[in-house]
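Report on one structure; see the data block that follows.
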Amino acid sequence: MCARLLHRPSYLANLAIGLHGGCGTLARGLQSEAEWRETREHLAQALRAGWRLLIAGGSALDAVQACVVALEDSPHFNAGYGAALNEAAEHELDASIMDGATLAAGAVCAVRRVRNPVLAARAVLDDGQAVLLTGPAADDFAAARGLAMVEPGYFTTPRRVEALRVQKARAAAGTAAQSSEAERHGTVGAVARDRQGHLAAATSTGGFNNKPRGRVGDTPIVGAGTYARDGVCAVSCTGQGEIFMRRVAAYDLAARILYGGQALAAAADEMVFTTLRNHGIGAGLVALGATGNPVAPFNTLGMARGWIAIDGELTVATHRELHALGPA
Ligand code: ASP
């Protein structure tokens with residue numbers, strides 16, 4: 001264990017946070033080095049936003065929310081600003097958040113106006129009357145709670161317009177199945193463990209480029225794309241949502257640990273490299289257990305990801321190699 005940890009109060013030693021920016025990372029040559037650097041900086045900033053709260057004694061729930069808000073505000077990820085467009089060239093955004101201490105959860109799907117969908121999900125959780133709100137009603141709910149609202153065009157970036165054009169051309173040519181993971185989709189998510197040992201998870205996405213209008217993926221479905229339960233795990237998933245829904249993937253990971261007695265890393269690897277790969281999909285996740293460091297397996301070319309481990313060291317990555325950025 002790192003010497004630095006010896007100088008940290010022991011109650012901070014079990015804090016940890018991890019995130020992903022989707023398993024649909026672009027091939028390295030498709031972005032400039034400056035853009036990759038900025039992508040990594042945004043991952044680090046998101047981690048630090050959550051970590052600051054954890055260090056100050058804040059909850060895992062607030063930490064994952066802060067992380068996901070930062071990623072939603074970055075154009076480099078498919079969530080919030082810079083989210084994918086559906087077949088009608090509209091944004092329909094999904095998000096969820098779950099508190100492992102109480103199993104309270106909140107989610108929204110197909111929202112078009114709330115600037116940060118994860119904040120709407122959190123408002124649903126806090127309100128407590130529902131777990132999942134849909135479409136215009138979810139946007140109205142967010143507006144009534146005083147959350148920042150935007151015109152739908154706010155979420156659009158030139159990259160997403162181009163991605164839609166490419167996907168439509170592929171669909172017309174009958175080659176949509178050959179699209180790269182990056183052309184298809186992406187998502188953001190975070191997991192955290194706080195001073196009390198509580199776990200939380202949150203996920204937010206634009207879904208996939210050229211998705212059917214009204215399509216809802218795994219991201220806002222508790223147990224499919226997001227799950228957190230104290231003493232077991234917190235997990236946020238990325239990949240073709242329909243398969244995650246059919247496998248109830250996030251909950252399945254928890255069940256492997258809770259009922260199957262598997263260790264987190266082994267269960268996460270089996271989920272990504274065997275169970276989901278057998279469906280022929282690109283997949284990834286970030287997960288955190290009751291103790292120890294986050295794990296972030298993926299079976300694609302790359303997955304934007306990062307974590308602050310229990311020794312306080314911050315690491316980010318977009319492809320295979322890791323960038324160790326030192327103490328958080
Ligand atoms: N899981 C997301 C969805 O299906 C997409 C992704 O993570 O790439 O909406």
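Read the numbers this way: they start at 1 and go in the same order the structure lists the ligands and their atoms. Side chains are part of it too, since the values below use all heavy atoms of this structure and drop only hydrogens, waters and symmetry mates. Counting begins at 1 with the first residue of the sequence.
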message: We want to know whether Arg256 and Thr275 form a side-chain donor-acceptor pair, criterion being a heavy-atom distance below 3.5 angstrom.
response: yes
field: NZ/NE/NH1/NH2 to OD/OE distance under 4.0 Å, Arg48 and Glu41
entry: no
query: Going by atom types alone, do Ser96 and Thr226 pair a side-chain donor with an acceptor below 3.5 Å?
result: yes
- prompt: Does even one non-hydrogen atom of Gly239 get within less than 4.0 Å of ligand 1?
  reply: yes
query: Will you find, in the side chains of His20 and Ser236, an N or O donor that is under 3.5 Å from an N or O acceptor?
result: yes
message: In this structure, does ligand 1 have an atom that sits under 4.0 Å from one of the heavy atoms of Gly24?
response: no
query: Where does Met245 meet ligand 1, judged by heavy-atom distances below 4.0 Å: at the side chain, the backbone, both, or neither?
result: neither
- request: Could you grab the distance from atom OG1 of Thr187 to atom CZ of Phe244, nearest 0.5 Å is fine?
  value: 9.0 Å
- prompt: Taking atom types as modelled, is there a side-chain donor on Arg247 or His279 under 3.5 Å from an acceptor on the other?
  reply: yes
- prompt: With a cut-off of 4.0 Å, which atoms of ligand 1 are near a heavy atom of Gly207?
  reply: 9 (O)
task: Compute the shortest N/O to N/O distance between Cys237 and ligand 1 and return yes if it is under 3.5 Å, no if not.
output: no
- request: Kindly identify the option in Thr187, Val188, Asp94, Thr300 whose heavy atom sits closest to atom 7 (O) of ligand 1.
  value: Thr187
query: Can you check whether Gly186 has an N/O within less than 3.5 Å of an N/O in ligand 1?
result: yes
Distance-only polar pair, side chains of Asn86 and Arg215, donor-acceptor under 3.5 Å: no
message: Below the 3.5 angstrom mark, is there an N/O of Thr238, backbone or side chain, next to an N/O of ligand 1?
response: yes
query: Between Gln240, Glu242, Arg215, which one has a non-hydrogen atom sitting closest to atom 4 (O) of ligand 1?
result: Arg215
